[in-house]
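All heavy atoms count here, side chains included; hydrogens, waters and symmetry mates do not.
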Amino acid sequence: MATPRFYCPIPLPLHQTIALPDNVAHHASRALRLREGDEIILFDGKQGQYHAELLFMNGKAMANIKHFNAQEHEIKGKITLVQGLPSGDKMDWIIEKASELGVQHLIPVQAERSVLNLSGNRLEKRQDHWEKVAVSAGEQCGRNRILQIEPLQTLAQFIADHAHLAHQLLCHPEGGTSLAAYLKTQPDIQEICLIVGPEGGWSKRELDALTKSGASQVTYGSRVLRTETAGLALTAACSALMDWV
């Protein structure tokens, strides 16, 4: 069994005993049923990970931090995934798998054809849920840095606020340069932004706005991929073709 890992965004001083945050303590003691003396790994999302021994003092879960391991498990390049908001709980799947594949940054967009519409308290709860999914995925896959999820935004907001993102690739099945051909012309790039529409794709107005803002249209094979498949497939392909894995 792999050593349990926990995201713990608090100071983690070496050779000291600290109280674990309530959510981590509950997960370790109640959900996983770990016992006194078990080895655990803590990481703060900034760098490396800390190996510790689980202790219980007066019913409180504690960690005696033994040593620090600076090893990271990030891919060599930087991938940002701009995801048109899908229906149901598909975003959970996208967040989980994007984290496992090494995506550093995810930007959810409320598109014109998004079936799901979120606002107010419902949006706040869903955003909090997405962040918890990202934390859980990071703990499971061995990454020491949590996938960063921006607040849900309109496409116009994305275009206005993210012009600095290099190599914005508009993933579209109806024409454009193949992903492999595009990457062959950019052998030294270190950053890619993949833009994926919701079910039904981007509207013509949205496609025009993205193209006008400088996004390059790319295709991936001859088949039409579902929204929850497209970004993940292209992420994996970019990592492999650019030798970022």
Side-chain angles (χ1 to χ4, degrees), residues 75 77-118 147 149-150 152-245:
I75 61 175
K78 179 180 179 182
I79 298 179
T80 295
L81 175 59
V82 179
Q83 176 65 55
L85 185 63
S87 62
D89 59 358
K90 292 176 183 176
M91 186 64 88
D92 291 11
W93 165 271
I94 293 168
I95 290 169
E96 181 181 276
K97 303 312 174 188
S99 181
E100 293 176 12
L101 290 169
V103 173
Q104 290 93 345
H105 199 191
L106 188 143
I107 305 173
V109 169
Q110 184 80 56
E112 290 183 14
R113 293 177 179 170
S114 289
V115 175
L116 185 65
N117 284 284
L118 296 173
L147 170 66
I149 305 174
E150 284 200 15
L152 180 65
Q153 56 200 261
T154 65
L155 185 64
Q157 287 174 314
F158 164 73
I159 291 173
D161 296 341
H162 297 86
H164 62 282
L165 291 177
H167 301 285
Q168 295 188 22
L169 304 184
L170 173 56
C171 309
H172 196 271
E174 298 176 3
T177 305
S178 76
L179 177 67
Y182 179 90
L183 294 179
K184 283 180 180 178
T185 68
Q186 309 286 338
D188 299 321
I189 63 175
Q190 296 298 315
E191 181 177 344
I192 292 174
C193 175
L194 301 172
I195 305 173
V196 175
E199 294 94 344
W202 301 108
S203 69
K204 184 179 185 305
R205 179 167 56 181
E206 289 171 325
L207 289 172
D208 290 345
L210 285 165
T211 302
K212 185 177 179 180
S213 71
S216 300
Q217 192 163 307
V218 296
T219 60
Y220 183 68
S222 58
R223 296 160 301 283
V224 177
L225 303 180
R226 293 177 183 271
T227 184
E228 67 269 29
T229 304
L232 304 178
L234 271 73
T235 291
C238 287
S239 294
L241 290 169
M242 301 303 294
D243 193 25
W244 286 353
V245 292

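Sorted by first then second residue, the salt bridge (Lys or Arg N to Asp or Glu O under 4.0 Å) pairs that include residues 186-198, not counting sequence neighbours, number zero. Applying the ring pair (Phe, Tyr, Trp, His ring centres under 6.0 Å) test to residues at least two apart or on different chains, the pairs with a partner in residues 163-187 are His162-His164. Listed by first and then second residue, the salt bridge (Lys or Arg N to Asp or Glu O under 4.0 Å) pairs involving residues 235-245 are Lys76-Asp243 (not counting sequence neighbours). For residues 212-223, there are no salt bridge (Lys or Arg N to Asp or Glu O under 4.0 Å) pairs, not counting sequence neighbours.
Contacts of Asp208 classified as salt bridge (Lys or Arg N to Asp or Glu O under 4.0 Å), with partners at least two apart in sequence or in another chain: Lys204. Residues satisfying the salt bridge (Lys or Arg N to Asp or Glu O under 4.0 Å) criterion with Glu100, sequence neighbours excluded, are Lys97. For Arg205, the salt bridge (Lys or Arg N to Asp or Glu O under 4.0 Å) partners two or more places apart in sequence, or in a different chain, are Glu112. When the side chain to side chain donor-acceptor pair (under 3.5 Å) test is applied to Thr211, no partner is found at least two apart in sequence or on another chain. Take Glu96 and apply the salt bridge (Lys or Arg N to Asp or Glu O under 4.0 Å) test, not counting sequence neighbours, and it matches no residue. By the side chain to side chain donor-acceptor pair (under 3.5 Å) test, Ser213 is found to be paired with no residue, residues two or more places apart in sequence or in another chain being considered. Applying the side chain to side chain donor-acceptor pair (under 3.5 Å) test to Gln104 and every residue at least two apart in sequence or in another chain returns nothing. Contacts of Lys78 classified as side chain to side chain donor-acceptor pair (under 3.5 Å), with partners at least two apart in sequence or in another chain: none.
The two atoms that bring Leu165 and Cys193 nearest to each other are CD1-SG, 4.0 Å, heavy atoms only. Closest non-hydrogen pair, Leu118 versus Leu85, comes out as CD1-CD2, 4.2 Å. Nearest approach of Ile75 to Ser239, heavy atoms of both residues: CD1-OG, 3.9 Å. Phe158 and Gln153 get closest at one heavy-atom pair: CA-OE1, 3.3 Å. In plain terms, the two heavy atoms of Leu234 and Cys171 that are nearest each other are CD2-SG, 3.1 Å. When all heavy atoms of Gly84 and Ser114 are compared, the closest pair comes out as C-OG, 4.4 Å.
To the nearest 0.5 Å, atom CG of residue Leu232 and atom CG of residue Leu101 are 6.0 Å apart. In this structure, Ile195 CD1 and Trp202 CH2 are separated by 7.5 Å, a value rounded to the nearest 0.5 Å. For the atom pair OG1 (Thr80) and CD (Glu150), the distance works out to 8.5 Å, reported to the nearest 0.5 Å. Going from atom CD1 of Ile159 over to atom CD of Glu206 covers 8.5 Å, rounded to the nearest 0.5 Å.
In this structure, Thr235 contributes its side chain and Gly231 its backbone to a donor-acceptor pair below 3.5 Å. With hydrogens and angles disregarded, a donor-acceptor distance shorter than 3.5 Å links the side chain of Gln110 to the backbone of Leu116.
Side-chain contact between Leu81 and Ile94 is present, with heavy atoms from C-beta onward closer than 4.5 Å. Looking at Met91 and Pro86, their side chains come closer than 4.5 Å, going by heavy atoms from C-beta outward. For the pair Leu194/Tyr220, no side-chain contact is recorded, criterion being any heavy-atom separation below 4.5 Å from C-beta on. Considering only heavy atoms from C-beta on, Ile149 comes within 4.5 Å of Pro108 through its side chain.
Trp244 CH2: more than 12 foreign heavy atoms inside a 6.0 Å radius.
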Exercise for review: Begin with the C-alpha distance, continue with both residues' side-chain angles, and end with the deciding distance and a verdict on side-chain contact (heavy atoms from CB on, under 4.5 Å) for Cys238 and Leu183.
Suggested key: CA-CA 8 Å; Cys238 287; Leu183 294 179; 4.2 Å; yes
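Using modelled atom types, one finds a donor on one side chain and an acceptor on the other under 3.5 Å when comparing Gln83 with Thr227.
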